[in-house]
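What follows is a short report on a single structure.
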Amino acid sequence: MSKLQNAIVGGVRQVLGVVPAEWLPGGRPDPLIGRRVTLGTQQARVDGADKVRGGARFAAEVPMDGLLYAALVHSTIARGRIADLDTAAAETAPGVVLVMTHRNAPRMAAPPAMGITNPKAAGNNILPAMQDAEIRWNGQAVAVVLAETQEQADHAASLVRVRYEAGRARTRFDEGKQDARTPESILIEKNRLVKGDAKAALAAAAHRVDAVYRTPWMNHNPIEPHAATVVWQGDRLVVHDATQMLNATAASLAKVFGIKEEQVHVSSPFVGGGFGSKALWDHQILAVAAAKLAGRPVRIVLPRSGMQRTIGGRTQTEQRVALAADADGKLKALLHHGYSVKPSHSVCDEQYGLTGRSLYACESFDIVQHHVDLDVLANTFLRGPGEAVGTFAIESAMDELAHALGMDPVELRLRNLPDKDPVSGAPHSQHDAARAWRMGAERFGWDRRTSGTPRQEGEWRIGMGCASGTFPYVRLPGMSARITLTGDGRVAVASAAHEMGMGTATVQRQHAADRFGLPLDRVTVTIGDTSLPAGTYAGGSSQTASLGAAIMAASGKLAAELLRLAGNDTPLAGLKSGEVEFADGGLRAAADPARHESFESILRRAGRSEVSVTGQSGPPLEMLKFSMHSTSANFCEVRVSDVTGEVRVTRLLGAFDCGRILNARTAASQFRGGMIMGLGMALTEETLFDERSGRIMSTSLADYHVPAHLDIPEIEVMWTDIPDPRAPLGARGIGEIGATGVAAAIANAVFNATGVRVRDLPITLDKLLR
Ligand code: MOS
């Protein structure tokens with residue numbers, strides 16, 4: 001389970017104790033699952049044209065009079081103190097208005113730690129910003145320069161002189177491992193899982209593998225850099241931010257600056273990619289503080305180097321996986337032990353230890369993860385946190401096991417797919433990984449794979465690999481949506497939800513159209529601003545289910561309100577809200593479609609120009625009762641050069657079992673985007689981290705290579721499209737699963753091609769040259 005799933009299930013369990021089955025959405029599945037008109041079709045993005053024309057306004061593009069531009073100065077040591085700060089040259093440089101350091105920064109509280117059970121917190125690095133001379137990581141901001149232009153600010157920042165008294169810094173992973181912590185819980189799931197006797201099973205098994213896998217630090221590189229345009233209007237703070245947690249950011253900034261949440265307005269209608277990184281970090285806090293001191297609006301746009309020093313990335317991991325199987329390939333033991341970095345000022349557990357708890361049926365489990373405390377920037381969530389690196393380790397080990405058994409790797413997976421939750425025994429809400437594996441294998445032409453003697457064309461060795469992906473279902477309580485029905489029979493949906501590129505408004509417009517029985521062009525969806533009904537995080541692949549549930553809840557209220565307004569002089573007279581449905585631009589009796597009255601007619605007779613209701617995503621009880629995970633089968637073909645060791649991925653296919661797919665176009669894009677990130681993880685992405693100084697060296701896109709067009713083959717995606725009866729709309733969420741399993745599929749294909757098993761990512765040329 002993910003951080004979100006864990007925390008929510010834990011929280012709900014505490015509140016409710018035993019949950020009656022009839023409370024669950026599964027007691028009566030969402031009627032829309034079987035009655036869809038626009039859902040499932042390929043609708044174009046509602047904001048597509050604006051984005052292409054430059055009409056969609058991002059945080060760094062909001063115009064403002066008297067705007068000042070900010071530049072940060074970053075520490076060059078990992079631990080110690082600022083002994084001396086000379087800002088004189090910067091202060092007298094052209095265009096400079098303010099240099100802020102810990103000496104003149106306003107008093108600010110630490111940002112509250114982002115936590116899934118706390119919708120008011122967005123802090124990732126939970127140290128207070130710029131409050132004293134202490135340095136806690138290499139790259140920490142030690143000064144902010146405000147100037148009339150960005151160039152003037154950047155130049156003046158280069159003139160700030162800092163002398164440090166360096167202390168002893170812990171920056172080496174292997175050193176930190178010596179006294180790693182073993183937390184009681186990971187997110188809120190119990191960390192150590194011992195089920196059965198894995199040790200004995202490993203000792204006795206007919207076949208076993210036991211190996212250590214490593215994944216490197218990785219940095220966030222969304223297309224849109226982290227940016228904010230901020231202004232104080234009296235005691236009101238307005239923040240145009242790039243964020244995936246609007247309300248949490250507003251509440252957190254309120255706490256930091258000692259004001260009320262209602263005094264903070266955060267707007268973020270478009271975000272150019274988030275992936276877990278668009279939360280609250282020091283740059284927004286420092287921009288707000290500097291704007292307060294300067295008495296003018298401030299824009300901060302982090303350059304790539306600034307992003308890598310200010311915005312955390314995915315921690316490196318070291319994971320041992322041991323698998324035992326009988327002669328038929330049935331798993332007898334799954335051991336998964338590992339280390340990852342989590343400084344005391346970070347909130348992210350990188351929960352790879354949860355990955356193996358749902359993938360396969362297995363007689364015994366022995367799982368635990370350890371945290372290494374280093375003097376580094378707080379690590380954070382990065383698309384598919386936990387599962388992205390966890391599947392690399394487990395799915396590489398599965399490939400090694402298949403090889404040891406002399407069994408086809410697809411067959412090995414099929415033999416071990418679970419028919420219920422492997423740990424808790426809870427029933428699946430919907431689970432057809434077998435179908436995903438079979439349809440994927442057939443489409444990919446898996447039967448053409450050879451093992452033993454690889455195919456070769458000239459210098460190129462050709463191989464195929466496969467791997468499972470997995471990601472939990474999450475629905476967040478507290479997501480709300482307002483539905484306004486107007487006298488002309490139109491519906492407007494409003495919510496402080498987020499658009500990071502995935503198509504939020506597009507899909508929920510389809511949802512609302514189908515839910516209210518209206519054509520698409522009668523529905524609008526407005527999101528991205530804290531002036532709208534409160535939203536939760538767009539994280540954990542949860543937003544579609546959460547917002548979907550909020551609209552569902554609002555639709556029930558709307559039906560009740562319309563029946564009340566309709567009164568008795570209507571074909572609907574005497575019906576209760578459970579007995580009606582929305583259809584043909586109005587309400588009708590579910591049992592007798594002839595009893596119908598249009599929205600226009602009801603509102604006109606009631607003398608109302610509009611009616612407005614707000615609904616909320618309630619406690620996600622379905623997550624308590626059912627094991628809810630999306631799964632995927634990834635297939636890959638690679639060519640590896642005998643001469644250079646270069647790996648080219650020539651084909652990639654993902655077959656997904658994620659419940660119903662709501663918009664084929666945006667879903668395909670989500671899946672492909674995730675898979676491209678998996679490809680980057682496999683082959684090129686690696687934060688070059690100087691362990692001597694804790695300095696990140698790869699601070700540009702030239703040094704940190706994310707896949708570009710020439711790295712990416714044609715990616716085929718397909719899905720089972722089986723509705724999940726326990727989830728709103730039958731859909732489980734698709735934002736992150738694409739990034740899971742791909743790195744293992746590529747590593748396994750490289751092994752198939754070359755016989756070389758690479759257990760430490762990325763798979764660079766040097767690891768393949770012999
Ligand atoms: Mo995601 S890593 O929950 O944006």
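One-based numbering, in listed order, for ligands and for the atoms of each. In this text, all values refer to a predicted model and were calculated from it rather than measured experimentally.
Here is the list of ligand 1 atoms found below 4.0 Å of a heavy atom in Gln244: 4 (O). Those atoms of ligand 1 with a heavy atom of Gly539 less than 4.0 angstrom away are 3 (O). Heavy-atom proximity to Phe381, at under 4.0 Å, picks out these atoms of ligand 1: 2 (S). If you number the atoms of ligand 1 from 1 as listed, the ones under 4.0 Å from a heavy atom of Glu736 come out as 1 (Mo), 2 (S), 3 (O). Listed by number with element, the atoms of ligand 1 under 4.0 angstrom from any heavy atom of Gly540 are 1 (Mo), 3 (O). Residue-ligand proximity, Pro385 to ligand 1, at heavy-atom distances under 4.0 Å covers atoms 2 (S).
A donor-acceptor contact shorter than 3.5 Å links the side chain of Asp721 to the backbone of Ile661. Between the Thr391 side chain and the Ala388 main chain, a donor and an acceptor come within less than 3.5 Å of each other.
Side-chain contact check for Tyr537 and Gln244: no donor-acceptor pair (N or O, by modelled atom type) lies under 3.5 Å.
Contacts of Glu318 classified as salt bridge (charged side-chain N to carboxylate O under 4.0 Å, His left out), with partners at least two apart in sequence or in another chain: Lys177, Arg214. The side-chain hydrogen bond (donor to acceptor under 3.5 Å, both in side chains) search around Gln510 returns Asn663, not counting sequence neighbours.
Classification of the Tyr339-Phe173 ring pair by plane angle, with boundaries at 30° and 60°, yields perpendicular. Phe392 and Tyr213 have perpendicular rings, their planes meeting at more than 60° on a 0 to 90° scale where under 30° would count as parallel.
Not a single heavy atom of Gly274 sits less than 4.0 Å from an atom of ligand 1.
Neither the backbone nor the side chain of Tyr537 comes within 4.0 Å of ligand 1, counting heavy atoms alone. When heavy-atom distances to ligand 1 are checked against a 4.0 Å cut-off, Arg383 comes that close only through its backbone atoms N, CA, C and O.
Considering backbone and side-chain atoms together, Leu382 places no N or O closer than 3.5 Å to any N or O of ligand 1.
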